[in-house]
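Have a look at the structure below before the remarks.
Here is how names work: the chains are called A, B, and so on, in the same order as the sequence lines, proteins then strands, and each is numbered from 1. We use all heavy atoms of the structure for the numbers below, so side chains are in, but hydrogens, waters and symmetry mates are not. Quick caveat, the model's predicted, so the values are computed rather than measured.
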2 protein chains.
Amino acid sequence: MSNVDASRAGATTHAPAAIFAALGDRTRLSLIHRLSDGRPRSIASLSADAAITRQAVTKHLNVLEEAGLVASSRMGRESRYSFRPEAIEEIRAYLDEVSRQWDDALGRLKSFVEK
Amino acid sequence: MSNVDASRAGATTHAPAAIFAALGDRTRLSLIHRLSDGRPRSIASLSADAAITRQAVTKHLNVLEEAGLVASSRMGRESRYSFRPEAIEEIRAYLDEVSRQWDDALGRLKSFVEK
DNA sequence: ATAAAAGGCAACCAGGAGGTTGCATCATGA
DNA sequence: TCATGATGCAACCTCCTGGTTGCCTTTTAT
């Protein structure tokens with residue numbers, strides 16, 4: 001289990017850095033891309049056309065899950081991973097904050113120059 | 001020098017994964033946060049209140065620069081780093097693409113159920 | 001002219017990340 | 001019930017990363 005305490009009800013505030021880090025890998029990014037069509041997939045299915053081992057894919061999926069980007073549920077003998085858009089929204093909010101601060105700075109500079 | 005060819009005019013298409021990876025570190029995230037107020041800062045200034053060495057900060061700044069998140073320019077004896085919002089816009093576009101794909105999937109599911 | 005400030009360079013180190021292989025376990029279709 | 005498919009677990013390996021220390025170079029203030 002992760003040390004991020006994903007079991008704490010509601011407050012699943014996966015630090016932005018962790019989410020960014022999870023997205024900072026080509027393989028994981030392509031997994032996200034494929035899962036973002038809404039269709040849950042098994043590990044075997046996801047590693048079928050991959051150049052790496054099923055075990056490697058499993059590790060990547062674990063990273064994505066701990067970051068809150070995907071969710072898994074066991075269905076019989078296979079575990080299906082599905083995309084979780086909440087995490088995306090979380091870092092989108094973070095980016096908005098950075099952009100807002102930047103825009104504010106631009107605004108102040110502009111009004112200063114005009115004065 | 002990086003192998004990303006940051007000198008190619010205009011087409012500074014820093015792969016999303018590299019940008020995400022650069023943001024996937026608390027220290028670098030806080031550097032970005034501080035620089036996003038638009039005020040360029042020297043390395044010494046940025047590492048003044050940091051818990052780590054100036055050298056470590058330098059390395060982080062290099063990572064951010066290669067990802068296109070900051071730009072540096074030598075001013076006398078100090079080199080000033082400034083925030084570069086273009087990289088943020090680049091990954092925001094990527095996130096939009098993922099979200100769009102997700103929304104489309106939801107839409108198809110909805111119309112299927114309603115039928 | 002020189003001491004102090006600001007950086008750059010390089011070597012070095014510990015730990016983590018990405019991958020692999022081997023083997024055990026659980027579920028299921030014949 | 002039994003072979004196969006889908007995973008889980010664990011050990012192991014290599015390379016990258018985050019950090020450090022030591023020392024040299026360039027500027028600048030006095």
Do the ring planes of A:Phe20 and A:Tyr94 sit parallel (below 30°), tilted (30 to 60°) or perpendicular (above 60°)?
perpendicular
Can you measure [X] atom [atom1] to [N] atom [atom2] for me and round it to whole angstrom units?
X       : N      : atom1 : atom2 : result
B:Leu46 : C:dG7  : CG    : C1'   : 13 Å
B:Glu78 : C:dG8  : CD    : P     : 11 Å
A:Ile52 : C:dG19 : CD1   : P     : 5 Å
B:Met75 : D:dT26 : CE    : C1'   : 16 Å
B:Glu66 : D:dC16 : CD    : C1'   : 14 Å
A:Arg26 : C:dG19 : CZ    : C1'   : 18 Å

Give one of base, sugar-phosphate or nothing for B:Ala56, where a contact means two heavy atoms less than 4.0 Å apart.
base
Given DNA chain C, 5'-ward residue of the pair A:His60 and B:Arg80, judged by closest heavy atom
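Looking at the nearest nucleotide for each, B:Arg80 comes out on the 5' side.
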For a quick check under 3.5 Å, do B:Ser82 and B:Arg41 share a side-chain donor-acceptor pair by atom type?
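Short answer, no.
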Regarding A:Ser45 and A:Arg80, do their side chains bring together a donor and an acceptor under 3.5 Å, going by distance alone?
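The criterion, which ignores hydrogens and geometry beyond distance, is not satisfied for A:Arg80 and A:Ser45.
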Quick one: which protein N/O atoms are closer than 3.5 Å to N/O atoms of nucleotides 2-4 of chain D? Pair and distance per line, please.
none

Phosphate OP1/OP2 of D:dG18: any B:Arg28 side-chain N/O under 4.0 Å
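For D:dG18, OP1 or OP2 has a side-chain N or O of B:Arg28 closer than 4.0 Å.
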Is there a side-chain polar atom (N or O) of A:Thr53 under 4.0 Å from OP1 or OP2 of C:dG19?
no
Could you give the distance from CD (B:Glu66) to CD1 (B:Ile19), rounded to the nearest 0.5 Å?
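So the gap between those two atoms works out to 13.0 Å.
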Show me, range against range, the stems involving DNA chain D, built from at least 3 consecutive Watson-Crick or G-U pairs below 3.5 Å.
C:1-30 with D:1-30
Anything under 3.5 Å between a protein N or O and an N or O of nucleotides 8-15 of chain D, put it in a table, one pair a line.
from  : atom 1 : to      : atom 2 : distance (Å)
D:dG8 : N7     : A:Arg54 : NH1    : 3.4
D:dG8 : O6     : A:Arg54 : NH2    : 3.2
D:dG8 : O6     : A:Gln55 : NE2    : 3.3
D:dC9 : N4     : A:Gln55 : OE1    : 2.9
D:dC9 : N4     : A:Gln55 : NE2    : 2.9

